[in-house]
Amino acid sequence: MTLIRSILASLLLASSFAFAQTPAFVEKDITKDQLEKLQQGGFVIYMRHGKTDNSRPDQLNVDLNDCNTQRMLSNEGRKIVTEVGKALKAAKVPIGDIYVSPMCRTRESAKLVFGDRSFTVNNDLFSSTNQTTEQKKPVIAITRRLLSEPVAPGSNRFILAHAPNLADTMGYFPKTEATVVIFIPKGAQFEYVGSIRPEMWSALLH
């Protein structure tokens, strides 16, 4: 019995050490030079939806056709997302295909960013929060595919979804709502370039 306890303690210590050695994701700020490269296209842009009204959490059984069952954008969130859309336009970033989560807060964010422009709603981009490992598989698969598939020069692919989806895919949870994250697609994989939090746009554009 003592031997078993000793083995279990050793295994626990080893797993704890391994966990402690796992490096945390380091967020990098986009530079002006990197922002200018987006004008040439070929990148993937992933944006977290705007700030939400936390007094109205998602219900246990969310109805995608009923926004009353979901957490919605706050007025501040709507304002910030609209400003990010204006900043993308001012930066002359060409946008090609746009893929959006089916949840109301992401669809509303997309409309505020792009106005009347159409976009593709992909149900597999649904928020992975509170999902099981099995339920998260299609979310991770579509996110990884959209981040990895090559984009033709002259345009950038745009994804508007959720922070947990990105965290489950690559270990990066953009803490600030409406953060824009830039990637280089490489076919079977992708490379993280950097992020633009909403408050960064003013300095990048001047």
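Being a predicted model, the structure only gives us computed values, none of them experimental. For this chain, numbers begin at 1 and follow the sequence in order.
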Trainee: With rounding to the nearest 0.5 angstrom, report the CG to CD1 distance, Leu147 to Ile142.
Mentor: 9.5 Å
Trainee: Starting at SG of Cys67, measure out to CG of Leu73 and round the result to the nearest 0.5 Å.
Mentor: 10.0 Å
Trainee: Strictly distance-based, threshold 3.5 Å: is any side-chain N or O of Arg144 a donor or acceptor partner for the main-chain N or O of Gln189?
Mentor: no
Trainee: Can you tell whether the side chains of Lys136 and Asp168 come within less than 4.0 Å, N to carboxylate O?
Mentor: yes
Trainee: Is there a donor-acceptor pair closer than 3.5 Å between any side-chain N or O of Gln70 and the backbone N or O of Asp63?
Mentor: yes
Trainee: Please report the shortest heavy-atom distance between Leu160 and Thr106, naming the atom on each side.
Mentor: CD2-O, 3.9 Å
Trainee: State yes or no: are the ring centers of Tyr172 and Tyr192 separated by less than 6.0 Å?
Mentor: yes
Trainee: Tell me whether the count of non-hydrogen atoms from other residues, nucleotides or ligands lying under 6.0 Å of CG in Asn130 goes above 12.
Mentor: no
Trainee: State whether the side chain of Glu27 and the backbone N or O of Gly194 hold a donor-acceptor pair below 3.5 Å, judged by distance alone.
Mentor: no
Trainee: Can you list the steps and then say if Ile159 with Val44 is a side chain to side chain contact (heavy atoms under 4.5 Å, CB included)?
Mentor: CA-CA 8 Å; Ile159 308 167; Val44 178; 3.8 Å; yes
Trainee: Looking at Asp58 and Arg105, is any side-chain nitrogen of the basic one under 4.0 Å from a carboxylate oxygen of the acidic one?
Mentor: yes
Trainee: Could you list all the ring pair (Phe, Tyr, Trp, His ring centres under 6.0 Å) pairs where at least one residue sits in residues 42-90, not counting sequence neighbours?
Mentor: His49-His162
Trainee: Got Pro185 and Ser148 here, is their nearest side-chain heavy-atom distance under 4.5 Å?
Mentor: no
Trainee: To the closest 0.5 Å, what do you measure between CG (Asn68) and CE (Met72)?
Mentor: 8.5 Å
Trainee: Has the side chain of Thr176 got a donor or acceptor atom that lies under 3.5 Å from a matching backbone atom of Thr179?
Mentor: no
Trainee: Can you confirm whether Arg157 sits close enough to Glu149 that some side-chain heavy atom of one is under 4.5 Å from a side-chain heavy atom of the other?
Mentor: yes
Trainee: Is it true that Phe119 and Phe158 have ring centroids separated by less than 6.0 Å?
Mentor: no
Trainee: Let me see the working for Asp97 and Thr120 under side chain to side chain contact (heavy atoms under 4.5 Å, CB included), right down to the final yes or no.
Mentor: CA-CA 8 Å; Asp97 294 331; Thr120 300; over 6 Å; no
Trainee: Provide the closest heavy-atom pair for Ser109 versus Val81 in the form atom of the first, atom of the second, distance.
Mentor: O-CG1, 3.4 Å
Trainee: Does CD belonging to Glu199 count more than 12 external heavy atoms closer than 6.0 Å?
Mentor: yes
Trainee: Indicate yes or no: does Asp29 engage Arg197 in a salt bridge with an N to O separation below 4.0 Å.
Mentor: yes
Trainee: Can you spot which of Arg71, Arg78, Lys51 makes a salt bridge (charged side-chain N to carboxylate O under 4.0 Å, His left out) with Glu108?
Mentor: Arg78
Trainee: Could you check whether any side-chain heavy atom of Val93 comes within less than 4.5 Å of a side-chain heavy atom of Ile95, counting everything from C-beta outward?
Mentor: yes
Trainee: Would you mind checking if Lys79 and Glu76 are paired as a salt bridge, meaning a charged N to carboxylate O distance below 4.0 Å?
Mentor: no
Trainee: Is a donor on one side and an acceptor on the other found under 3.5 Å between the side chain of Ser74 and the backbone of Gly77?
Mentor: yes
Trainee: Start with the C-alpha distance between Thr31 and Asp33, add both sets of side-chain angles, then the distance that settles side-chain hydrogen bond (donor to acceptor under 3.5 Å, both in side chains), and finish with yes or no.
Mentor: CA-CA 5 Å; Thr31 65; Asp33 288 342; 5.2 Å; no
